[in-house]
Amino acid sequence: MHAQASMMCRAAAAPAAPRASSSSSSSATASRAAAAAPASASFSSFAAASSASSASARRPLPHSSTVACASAEAASTAAVIDFKDGQEFVLPYAPIDGLLPAGPWKSIEGGICAPKGFKAAAFKAGLRAKGVRADCALVVADAPAVTAGVFTLNRVAAAPVMYCRDVINKKTTSRAVLINAGQANAATGKLGMEDAIASANAVATTLGFGADDVLLESTGVIGKRIKMTELLNAIPVLAANLSNSKEAAMACATAICTTDLVRKTIAVEVEVSPGRVYKIGGMGKGSGMIHPNMATMLGVVTCDAPVSSDAWRKMMKRASQGSFNQISVDGDTSTNDSVIGLASGAAGGEEIVDGSSEAAALEAALGAVCVAIAKSIAWDGEGATCLIEVNVLGAGSDEDARVIARSIVSSSLVKSAVFGHDPNWGRLACAAGYAGVPFEQDDLRIQMGPHVLMEDGQPLGFDATTVSGYMKDTTGVHGTVVIGVKVGAGPGAGTAWGCDLTYDYVKINAEYTT
């Protein structure tokens, strides 16, 4: 166990409030534990407004948000962090290698630190309401890294989301991502934006960067400002313990989790042309408040390929469309959803530009990493007993097929039927029909696992006990229930992922802040 940095300012807990992304409670089934936007005002305008506001207009919440809390004493007494600490940094792994699509890439160890040019650290700052798990993480590039970001479309976007949108719109590179769990810093007004700016400034000051070199992600309870005393005192400790080790990467993947029962991290290497091998690493968190409206999670992706800003941003957007935008746990799009991609170029070589064969190969591997993380989030859905995969064929376009697949996997009736092992194919047909994509119902084909339930719009006779047994056997091992739907003879194909809706999901969320 490590000693924590000394606290220099007083802090008190804010009142309970609604939640963001995934929650900070840890209630879940024992079996799962065993198994495994709109344009925003710029951050500079927020800063100007904050400095101009009067003391009476800035009545403080019961905690301080001054950068001075991250004192020189905290930096000079920074503890050496044991990233192998079993209580603070260890969670079971998601079965992510089994969820990685097949392709000309190879799974490797190291997570976000596998690519060259990155270091990371995690720490228990005391941000969570309870528990012993670490709660903040810092990812740093050795040199300016080409940056891309995809963010929530929720109009009540969190302060860190608004801050990052502004920074990424103005700059093509960044150096660091600071992530906290416990408080979402969403629906917190001007004071929440002040906290975001203070956090970025503290990282920049500690590491010698510009403030606009720092990006932010937060997850936790909506309506709660970050415990700034604790976070600001943690920043020098994080900075002093930055490491490119596998253990540091795994610690980060654990620290960002909330109700997650498993950590979600993976890395691959891919040869984009003869002799040119690059690595991509990623980590994500999410278990509840997951719905396909970008990005459905917090995530960080690292890459050591020398890729142009234009190409990297296009790659991240397309990779997200086929992965993070194709998962749903409960139909709720978070205020904090963010995926940030950093490309260091540290592995060397000529710059990869959009439209090249090297870009296509790199993007395919990036997409595979994003799909693996996205599927692991759905697999770990709150209270879930299985992953649901919906494959749609025969649509007019890939996007039409993706829309139908999302409609089916997002249906509470479909999710409930899978949990109850009920082969109620009528719910699948219904959800496909209201997706808003035109097709002829006489072309409809529905399949559950290996069992065809409807063909050419006509119900087929099937053994309900056998089909129910397929679902029961699959959920019994927290496997993947595969649903196939064909809507015509078109070229469009798409896949979406979700999980079943269980009693435990209701229990977890009914007791979220109590």
Side-chain angles (χ1 to χ4, degrees), residues 37 100-101 103 105 111-112 114-115 117-118 139 141 144-153 157 160-161 163-177 179 213 215-217 264-268 270 272 278-286 292-327 334 336-347 351-356 358-377 398-399 402:
L100 179 70
W105 40 80
I112 55 171
F118 295 98
V139 181
V146 172
T147 304
V150 190
F151 303 98
T152 183
L153 296 182
V161 169
Y163 175 88
C164 286
R165 282 180 185 152
D166 187 84
V167 171
I168 290 176
N169 283 339
K170 292 178 178 178
K171 286 193 64 180
T172 60
T173 64
S174 59
R175 293 290 304 274
V177 183
I179 311 163
D213 284 323
L215 300 175
L216 307 170
E217 293 183 340
K264 297 123 179 144
T265 179
I266 194 167
V268 303
V270 60
V272 301
Y278 297 113
K279 297 177 181 178
I280 302 172
M283 67 177 182
K285 62 82 52 192
N293 203 357
M294 197 63 258
T296 70
M297 60 174 289
L298 294 188
V300 176
V301 176
T302 58
C303 175
D304 58 14
V307 57
S308 72
S309 174
D310 176 64
W312 183 241
R313 292 190 175 190
K314 288 178 179 178
M315 288 180 193
M316 282 296 301
K317 182 177 181 180
R318 289 189 291 256
S320 297
Q321 288 173 340
S323 57
F324 307 130
N325 263 352
Q326 290 299 111
I327 58 175
S334 168
N336 289 59
D337 299 339
S338 306
V339 180
I340 294 171
L342 305 173
S344 68
E351 183 177 67
I352 295 174
V353 297
D354 188 43
S356 65
E358 290 87 356
L362 187 68
E363 182 175 338
L366 173 65
V369 167
C370 293
V371 165
I373 296 172
K375 289 169 69 175
S376 69
I377 289 173
D398 288 350
E399 179 56 24
R402 287 194 291 263

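For the salt bridge (Lys or Arg N to Asp or Glu O under 4.0 Å) test, no residue two or more places apart in sequence or in another chain qualifies with Glu351. Taking the side-chain contact (heavy atoms from CB on, under 4.5 Å) definition, one finds that Lys171 meets it with Thr173, Asp212, Asp213, sequence neighbours left out. In this structure Glu358 satisfies the salt bridge (Lys or Arg N to Asp or Glu O under 4.0 Å) test with no other residue, sequence neighbours excluded. Qualifying salt bridge (Lys or Arg N to Asp or Glu O under 4.0 Å) partners for Asp310, counting only residues two or more places apart in sequence or in other chains: Lys314. Listed by chain and residue number, nothing satisfies the salt bridge (Lys or Arg N to Asp or Glu O under 4.0 Å) test with Arg175 (two or more places apart in sequence, or in another chain). Scored by the side-chain contact (heavy atoms from CB on, under 4.5 Å) test, Ser174 finds Thr147, Leu215, Leu342 as partners (sequence neighbours excluded). Under the side-chain contact (heavy atoms from CB on, under 4.5 Å) criterion, Ala365 pairs with Trp105, Val268, Val270, Ile280, not counting sequence neighbours. Partners of Ala343 under the side-chain contact (heavy atoms from CB on, under 4.5 Å) rule, at least two apart in sequence or in another chain, are Val146, Cys303, Val307, Trp312.
The shortest side-chain heavy-atom distance between Val371 and Gln326 does not fall under the 4.5 Å cut-off. Looking at heavy atoms from C-beta onward, Phe324 lies in side-chain contact with Val339 at the 4.5 angstrom threshold. Two residues are said to be in side-chain contact when any heavy atoms from C-beta on lie closer than 4.5 Å; Arg402 and Asn325 fail this criterion. Asp354 places none of its side-chain heavy atoms less than 4.5 Å from the side chain of Arg313. Residues Pro115 and Tyr278 are not in side-chain contact: their nearest non-hydrogen atoms beyond the backbone lie 4.5 Å or more apart. Two residues are said to be in side-chain contact when any heavy atoms from C-beta on lie closer than 4.5 Å; Asn336 and Glu217 fail this criterion. Two residues are said to be in side-chain contact when any heavy atoms from C-beta on lie closer than 4.5 Å; Met283 and Ile179 meet this criterion.
Pairs engaging residues 363-375 under the side-chain hydrogen bond (donor to acceptor under 3.5 Å, both in side chains) rule: Arg318-Glu363 [sequence neighbours left out].
A donor-acceptor contact shorter than 3.5 Å links the side chain of Asp304 to the backbone of Lys279. In this structure, the side chain of Ser323 engages the main chain of Ala319 through a donor-acceptor pair within 3.5 Å.
The shortest non-hydrogen separation linking Ser320 to Val150 is OG-CG2, 3.7 Å.
In this structure, CD1 in Ile373 is found 10.0 Å from CG in Leu100, a value given to the nearest 0.5 Å. Distance CE/Met315 to CD1/Ile352: 6.0 Å, rounded to 0.5 Å.
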